[in-house]
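Only one structure is covered here, and it is reproduced in the block below.
Residue numbering restarts at 1 for every chain, and letters A, B, ... go by the order of the sequence lines.
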Amino acid sequence: MKLYTPHELEPRWQRVWADTDQDAVREDGSKPKKYVLEMFPYPSGDIHMGHVSNYTYGDVIARFSRMKGFDVLHPMGWDAFGLPAENAAIKHKSHPAKWTYANIATQQASFQRMGFSYDWDRKVVACDPEYYRWGQWIFLKFWERGLVERRNSPVNWCPSCATVLANEQVIEGRCWRCDSEVEKRDLTQWYFKITDYAQELLDDLDQLQGWPDRVKQQQANWIGRSEGANVDFVLEGTDEVITVFTTRADTLFGCSFFVLAPEYKDLPKMVAGLPQEKEVLEFAEAAKKVSAVERAQGNREKHGVFTGRYVINPINNEKVPVWVADYVVADYGTGAVMAVPCGDQRDFEFARKYDLPIIPIILTDDDPLFEKLNDEKSRVVTTVDWECAMEAEGTLVQSGEFTGLVGGKHSPGEDAVVKFLEDSGRGHRTVEFRLRDWLISRQRYWGNPIPAIHCPECGVVPVPEEDLPVRLPEDIDLAAGETLATHEGFAKCTCPKCGGEARRETDTMDTFTCSSWYYLRYTDPHNETAPFASDKANRWMPVDQYIGGIEHAILHLLYSRFFTKVLRDMGLLDFDEPFTNLLCQGMVLDSKGEVMSKSKGNVVSPEDMIAEYGADAVRAAMLFMGPPDKEKLWNEDGLAGIYKFLNRLWRIVYDLVGKAEDKTLYDPEAAADEAHANAMAMKRERHRVVGKVTADVERNNFNTALAAIMELANTTAAFLRLKPAEHRVNCETGGPLCRDVAETIVKLMAPIVPHWSEELWHDALDHEDSVHDQPWPEFDPELAKADEVELAVQVNGKVKAKIMVAADAEEDAIREAALAAVSNALTGKEPRKVIVVKGRLVNIVA
RNA sequence: GGGAGCGUGGCGGAAUUGGCAGACGCAGCGGACUUAAAAUCCGCCUCUUCGGAAUGUGGGUUCGAGUCCCACCGCUCCUACCA
């Protein structure tokens, strides 16, 4: 018997697999396809435990799927553009590509040491011109379809990264990458009109049965559809209309003031020449300067000033004062709101602070005011003695012809008021989304250049398709502060339309544009005439199992869904959604449950673990730690335990085929009936465990799958070492059964510990081919059933006895046996009811 | 403030549609083997006044609840003045 030596056998098998193209995609064509994909990594440096967990899950699923008879696509690549490479280049006075490709080489070597079965021929690297040219091509196609827009508006600016950010990349007012406070700036930027797809992105979440609910919920919240109405107010003394969006048109009678965002574009015009002008403009300026971090803090104190102007409430022609206040968001709705302090907590707080009227127009029926106001013919403006606004559903009062109707969101009262507004031409139903267009331009070098040219004659002109890719210049000195905009060789160009002197667009695209379609490129990675061939993409897509971190619940997953839908509308794809099943893995934390970080000094290096225990043990330990979607507390003791288990199972396999050095286990002459009975029990366990492992792996419950294999190991070991020796099951008495169990164990372990299994497959089991090309073990549910089963006998729900009955025993027989077993506890009382649950228990109600 | 989720031994975690709570493992304890240690093998391992009690707390539905319903407590994640 060989000893288990991971450090020798793992590299040896990795070389064999590489030499034989073991992991290459085999497109048999007769088999069903399975596309298993893990989110591609950013090449930040060495791999960490998060990579190990993410990619181990994917590798187990890919290997299992191959054995189950699928053609499997399981590729890997790198999300290689981004700021860290640029920062490293500045620090080391070198080029971002150097740092990036060095890290890719390091990570790829680690992945190979982990035994991940990627088809390396399909490697996609996002900063490779052969890849990014097609990102530019897609950009041009989006442009043709009217999905690209350049516009000036307030944007998020990260001063530390010196670039703008998309809304999705601002987390609590801070940059997603460097955590700096984000500022607002008015800039002209490039946008993808993702809002054109807002409704479909929301609706199609229903198609995603294989996604975790919380991810769908997060996307739905982010898209934020809200049904309401636009209501037109007329600025007093003019014909100008200021429109507001509201979901509570039913409360229009309670509108006692009107509020504009500080950024409201017509504000300076509105206050021009008024005594309030100076104060208003100063206030607006100050409000704009408040940082996003401060804005993000909940329950901020609200501030505002009166503008000196009034608007006319369209429902009752009342004059209401116009304020400007910092609690109104400029880019949602119209940047103006009607304030109803009675029905909205924010308006309520503002009204209290500035002593504005709070008109009660909606009440619960048990409110003491109800009787009084419900009768009131004339309108009463009251400052009610409430502590907070009445945001719940209630009955409308003092609301003209609408008095008495039920008010609230989507209420009959709201319906009636909107109908009135529509009939009188003062408003209409509409839907607002929280989702904003995706700001994709970045003022950075290390990204995909936006293929556009600014011509003084022709304006903004797309780069012609045949001129792609627009290549990043390699001779750039970032450390000296050079940028694409100052790099004359790059920026100076001629206009493709008129041939005159022009300037190239020097912004690059958000790195999330690269990751929004890479999964399509894997289906056809070497295509030189298109990003991918439709037939290949349609053959492999959608991804059957996608695996990655929850941190992409909105960002990457939303953008990829958007890209897929646009490419579908271009006729390139024939499906609606890119990822059928999504597994969001939980974080790997240290043994105390804390995030691993360099500053805390608690980072566990996968390479150290591989060096000590081997990759197989690291893989198995990761899988055994818990369900993939939960947080995992990394514990080296667990890894050591798994390493011992692999050793133990290794010996059991050799024992089963009679290759262990200890040959004194049994005496064939003395083989008794007992040995046969034990062999049958072992066979039963083999079938039960194969059934359980198969079901568990299919549900991604890798921890319980491994636990079931441990159970099989335990029973097998017990039968092999049973005393007296003549009762043992072994290669002599058990014959073919022992060999079957040995092969079954090795095959069940193959997706989890690929090197260990391959070695045993060859050395212990004497096979020439690869274990990874074997079909997954079959099992017979009939053979997994025991002849006799133990049932619990409960009296009033408490277990009082256990009985053994034949597995196919009739209910009457079971009842009789159960009653006999607990006759003492019943003390002669007649049971009122007996419930028999076959195979589980009997409950006697006394 | 809004949304989602989670609370099970010393620890990680098990428990198909409600059906014997604690599978499997870690740590710990005891034993065998050994001159000894490591490794390996075997056993014990929620509490208990031995009646029982126990899945965060209190209630409910049910023959039966970790699982379903209601309220509360605690924790985590997401989001944030979205009108």
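Distances shorter than 4.0 Å separate some side-chain N or O of A/K409 from OP1 or OP2 on B/A83. A/T704 has no side-chain polar atom (N or O) that falls below the 4.0 Å cut-off from OP1 or OP2 of B/A15. Regarding contacts with the backbone of B/A83, every side-chain N or O of A/Y327 stays at 4.0 angstrom or more from both OP1 and OP2.
A/Y327 and A/F350 have tilted rings, their planes meeting at an angle from 30° to 60° on a 0 to 90° scale. Below 30°, between 30° and 60°, or above 60°: for A/Y332 and A/F245 the angle between ring planes is above 60°, a perpendicular geometry. Under the 30°/60° scheme for interplanar angles, the aromatic rings of A/Y354 and A/W323 are found to be tilted.
A/N313 places none of its side-chain heavy atoms less than 4.5 Å from the side chain of A/M338.
Under 3.5 Å, the side chain of A/K802 and the base of B/C20 form at least one donor-acceptor pair of N or O atoms. Judged by atom type and distance alone, A/R436 reaches the base of B/C82 through a side-chain donor-acceptor pair under 3.5 Å. Counting distance only, with no hydrogens placed and no angle test, the side-chain atoms of A/K833 and the base atoms of B/C63 include no donor-acceptor pair under 3.5 Å.
In this structure, A/V337 reaches the bases: a heavy-atom distance under 4.0 Å links it to at least one base atom across the strands shown. Looking at heavy-atom distances under 4.0 Å, A/N221 makes contact with sugar-phosphate atoms alone, never a base. If you check every strand for non-hydrogen atoms under 4.0 Å, A/R699 touches nothing. Contact annotation for A/N714: backbone-only contact, meaning every heavy-atom pair under 4.0 Å involves sugar-phosphate atoms and none involves a base. Contacts of A/E631 with the nucleic acid, taken as non-hydrogen atoms under 4.0 Å apart, involve only primed sugar atoms and P, OP1 or OP2. Heavy atoms of A/D331 sit nowhere under 4.0 angstrom from any nucleic acid atom.
B/C63 and B/G74 are spaced 35 Å apart, taking the P atom of each and rounding to whole Å. Taking the P atom of each, B/U55 and B/A39 are spaced 38 Å apart, rounded to whole Å. Comparing the C1' positions of B/U67 and B/G60 gives a spacing of 15 Å, expressed to the nearest Å. If you take atom C1' in B/C81 and the same atom in B/U76, they sit 25 Å apart, rounded to whole Å. Here, B/A4 and B/G9 have their C1' atoms 29 Å apart, quoted to the whole Å. As rounded to the nearest Å, B/G22 and B/A14 have C1' atoms that lie 7 Å from one another. Distance check on atom P: B/U40 versus B/G58 gives 44 Å, rounded to whole Å. Taking the P atoms as reference points, B/C68 lies 11 Å from B/G5, given to the whole Å.
Electrostatic pairing of A/E349 and A/K302 counts as a salt bridge here, judged by a charged N lying under 4.0 Å from a carboxylate O. Electrostatic pairing of A/E685 and A/R688 counts as a salt bridge here, judged by a charged N lying under 4.0 Å from a carboxylate O. We find that A/R225 and A/E227 are joined by a salt bridge, their nearest charged nitrogen and carboxylate oxygen being less than 4.0 Å apart. The pair A/R429-A/D415 counts as a salt bridge, with a side-chain nitrogen and a carboxylate oxygen less than 4.0 angstrom apart. In this structure, A/E301 pairs ionically with A/K353, as a charged nitrogen and a carboxylate oxygen lie closer than 4.0 Å. Ion pairing of A/D331 with A/R436 is present here, as a side-chain N (NZ or NE/NH1/NH2) and a carboxylate O approach within less than 4.0 Å. Ionic pairing of A/R651 and A/D655 is not present here: no N-O contact between side-chain nitrogen and carboxylate oxygen is shorter than 4.0 angstrom.
Base orientation of B/G60: anti (glycosidic angle beyond 90° from 0). A syn orientation is assigned to B/G51, its glycosidic angle lying within 90° of 0.
Closest approach to the A/Q218 side chain among B/C78, B/U40, B/A23 is made by B/C78 (side chain taken as heavy atoms from C-beta onward). Here B/C20 is the nucleotide among B/G19, B/C26, B/C20 with the atom lying nearest to any side-chain atom of A/A792. Candidate nucleotides B/G25, B/C63, B/U79 were compared by shortest atom distance to the side chain of A/M710, and B/G25 ranks first. When distances are taken from the side chain of A/R214 to each of B/C82, B/A4, B/G19, the shortest belongs to B/A4. When distances are taken from the side chain of A/R840 to each of B/C82, B/G3, B/C20, the shortest belongs to B/C20. Of the candidates B/A83, B/G52, B/A53, B/G52 carries the atom nearest the A/K800 side chain, counting heavy atoms from C-beta on. Nearest nucleotide to the A/K630 side chain, out of B/G13, B/A27, B/A83: B/G13. The side chain of A/E790 lies closest to B/C20, out of B/A83, B/C20, B/G64. Candidate nucleotides B/A39, B/A23, B/C20 were compared by shortest atom distance to the side chain of A/A707, and B/A23 ranks first. Here B/G19 is the nucleotide among B/G19, B/A83, B/A14 with the atom lying nearest to any side-chain atom of A/N843.
The OH-C1' distance, from A/Y643 to B/A38, rounds to 13 Å in whole Å. One can place CD of A/Q219 at 12 Å from P of B/U79, the figure rounded to the nearest angstrom. The distance between atom CD of A/Q345 and atom P of B/A83, rounded to the nearest whole Å, is 15 Å. Here B/A15 presents its C1' atom at 12 Å from CD of A/E711, a figure rounded to the nearest Å. Rounded to an integer number of Å, the gap from A/Y613 OH to B/G25 P is 18 Å. The distance from atom CG of A/N703 to atom P of B/G13 is 9 Å, rounded to the nearest whole Å. Distance CG (A/D213) to P (B/G5): 7 Å, rounded to an integer number of Å. Taking atom CG of A/D344 as the reference point, atom P of B/C81 lies 13 Å away to the nearest angstrom.
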Inset, instruction - Any chance you could encode RNA chain B as dot-bracket? Rule is Watson-Crick or G-U wobble with both distances under 3.5 Å; [ ] for pairs crossing earlier ones, | for another strand. - result: (((((((..(((......[....))).(((((.......))))).((....))..(((((..]....))))))))))))....

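With rounding to the nearest 0.5 Å, the separation of OG1 in A/T334 from CD1 in A/I242 is 9.0 Å.
If A/V845 and A/K798 are placed on RNA chain B by their nearest nucleotide, the residue sitting closer to the 5' end is A/K798. Between A/Q217 and A/A336, the residue anchored closer to the 5' end of RNA chain B is A/Q217, taking for each the nucleotide with the nearest heavy atom.
A donor-acceptor pair under 3.5 Å is absent between the side-chain atoms of A/E414 and the main chain of A/A249, judged by distance alone.
Residues satisfying the salt bridge (Lys or Arg N to Asp or Glu O under 4.0 Å) criterion with A/E790, sequence neighbours excluded, are absent altogether.
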Can you give me the N/O atom pairs linking the protein to nucleotides 41-48 of chain B at distances under 3.5 Å, or say none if there are none?
{"from": "B/C41", "atom 1": "OP1", "to": "A/R648", "atom 2": "NE", "distance (Å)": "3.2"}

